Amino acid sequence: MLNKKYKKLITASIAAMAIFVAGCSGAAEGEDPASGETSLGEQLDYTITGIDAGAGVVRSAEEAVEAYGLEYTVQTSSGAAMTQALSDAIANEEPIIVTGWNPHWKFSKYDLKYLEDPKGVFGEAENINTIARLGLEADMPEAYQVLDNFYWEGSDMEDVMVQINEGGEPEEVAREWVDNNQDKVSVWTEGVEAVDGQEINLAYVAWDTEIASTNVIGTVLGDLGYDVTLTQVENGPMWEAVASAKTDAIVAAWLPGTHGDHYEKFEAEIDDLGPNLEGAAIGLIVPAYMDIDSIEDLIED
Ligand code: PBE
């Protein structure tokens, strides 16, 4: 047993150490003086990991920074860079906030949560619509019919996205999905006659959702006899292309919120064929192990 004198000495040293540690952490930059820990904002370098600058979700994230009075900056990069940063952070159990959306393979790979958005900046559930150029119906009625019929579930799209994420070539994964889902595809092509090598162009942005959908519908049109070209562009140019008939159609219109500004601008110059998918959403997404639930938790005093 320790005698009293030693006990006292040890207690005093621990107390002194605690004061010393508290003093240091209080003084050190980037630490929250109240808790003695580095604040979340500091750990994240006040950065929200965004995707391409043209994406609606990036614009909404910038609006959220304004609306909630956050000190954060939305860093733009690409969808692929965002998912890489997310994967790196999760491997190290580090905090990260990304601009995200569903359907997406990231939800089957990682345990994630949307941050609540009490101000509704990111909107409610979204549809993904198919938009044709004016005149497509008259010029290519068969393709128009298939595009108009195209409709699938979030789980269908996710099947394709997961395979691509696991390393499959988008074209090959789409080929396989179409072959394995003839029950669904035959509903889109029912009563539509084959064509003889007419050229058709579909524009899309390199978001995982749109890589999946555009390759699938492109494969279906190819099977019908079309000579299909898929053209990858940025979001703004994609809308301009369909409005100016530089492309024949897109299956990538997130409405009413995410691409609402583009839609309003070009409404008179496009043919909206309605949803090809319902129940999509966008928002700020974090790993489930993070101790925050709402965008409001990012507000600092
Ligand atoms: N997204 C995927 C797009 C629409 C499809 C959510 C990244 C956007 O934010 O514009």
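Every number for a ligand or one of its atoms is a count from 1 in the order of the listing. Remember, it's a predicted structure, so these values are computed and weren't measured experimentally. Side-chain atoms are counted along with the backbone in the values below, which use heavy atoms only and exclude waters and symmetry mates. Index from 1, following the sequence.
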(message) Considering Trp101, Trp254, Tyr204 one by one, which has a heavy atom nearer to atom 5 (C) of ligand 1 than any of the others?
(response)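 Selected option, by shortest heavy-atom distance: Trp254.
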What protein heavy atom lies closest to [atom]? Include the residue and the distance to one decimal.
| atom | answer |
| --- | --- |
| atom 8 (C) of ligand 1 | Gly56 N, 3.3 Å |
| atom 7 (C) of ligand 1 | Ile51 CD1, 3.3 Å |
| atom 9 (O) of ligand 1 | Val57 N, 2.8 Å |

(message) Does the Lys NZ or Arg CZ of Lys106 fall within the cation-pi geometry relative to Trp101 - under 6.0 Å from the ring centre and within 45° of the axis?
(response)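 That pair qualifies as a cation-pi contact.
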Should you measure from each heavy atom of [X], which atoms of ligand 1 turn up under 4.0 Å away?
| X | result |
| --- | --- |
| His259 | 4 (C), 8 (C), 10 (O) |
| Thr258 | 8 (C), 9 (O), 10 (O) |
| Ile282 | 6 (C) |

(message) Could you check whether Glu63 pairs with Arg59 (Lys NZ or Arg NE/NH1/NH2 to Asp/Glu carboxylate O, under 4.0 Å)?
(response)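 Result for this pair is yes, salt bridge flagged.
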(message) Under 4.0 Å between a side-chain nitrogen and a carboxylate oxygen: does that hold for Asp179 and Arg175?
(response)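 Arg175 and Asp179: salt-bridged.
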(message) Which heavy atom of Tyr226 sits nearest to which heavy atom of Ala143, and what is that distance?
(response)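 Heavy atoms only, the tightest pair is OH-N, 2.9 Å.
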(request) Tell me which part of Val205 gets within contact of ligand 1: side chain, backbone, both or neither, using heavy atoms under 4.0 Å. (result)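 Neither; no heavy atom under 4.0 Å.
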(request) Say whether Arg59 and ligand 1 are in contact under the criterion: heavy-atom distance to a ligand atom below 4.0 Å. (result)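 No heavy atom of Arg59 comes that close to ligand 1.
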(request) Kindly say whether Glu199 contributes a backbone atom to a donor-acceptor pair with the side chain of Asp227 at under 3.5 angstrom? (result)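 No: the side chain of Asp227 does not pair with the backbone of Glu199.
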(message) Determine whether a donor-acceptor pair (N or O, by modelled atom type, separation under 3.5 Å) exists between the side chain of Ser39 and the backbone of Glu42.
(response)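 Yes; at least one donor-acceptor contact below 3.5 Å.
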(request) Start with the C-alpha gap between Arg133 and Asp271, add the side-chain angles, then the distance that decides, and say whether salt bridge (charged side-chain N to carboxylate O under 4.0 Å, His left out) holds. (result) CA-CA 6 Å; Arg133 66 166 170 87; Asp271 186 355; over 6 Å; no
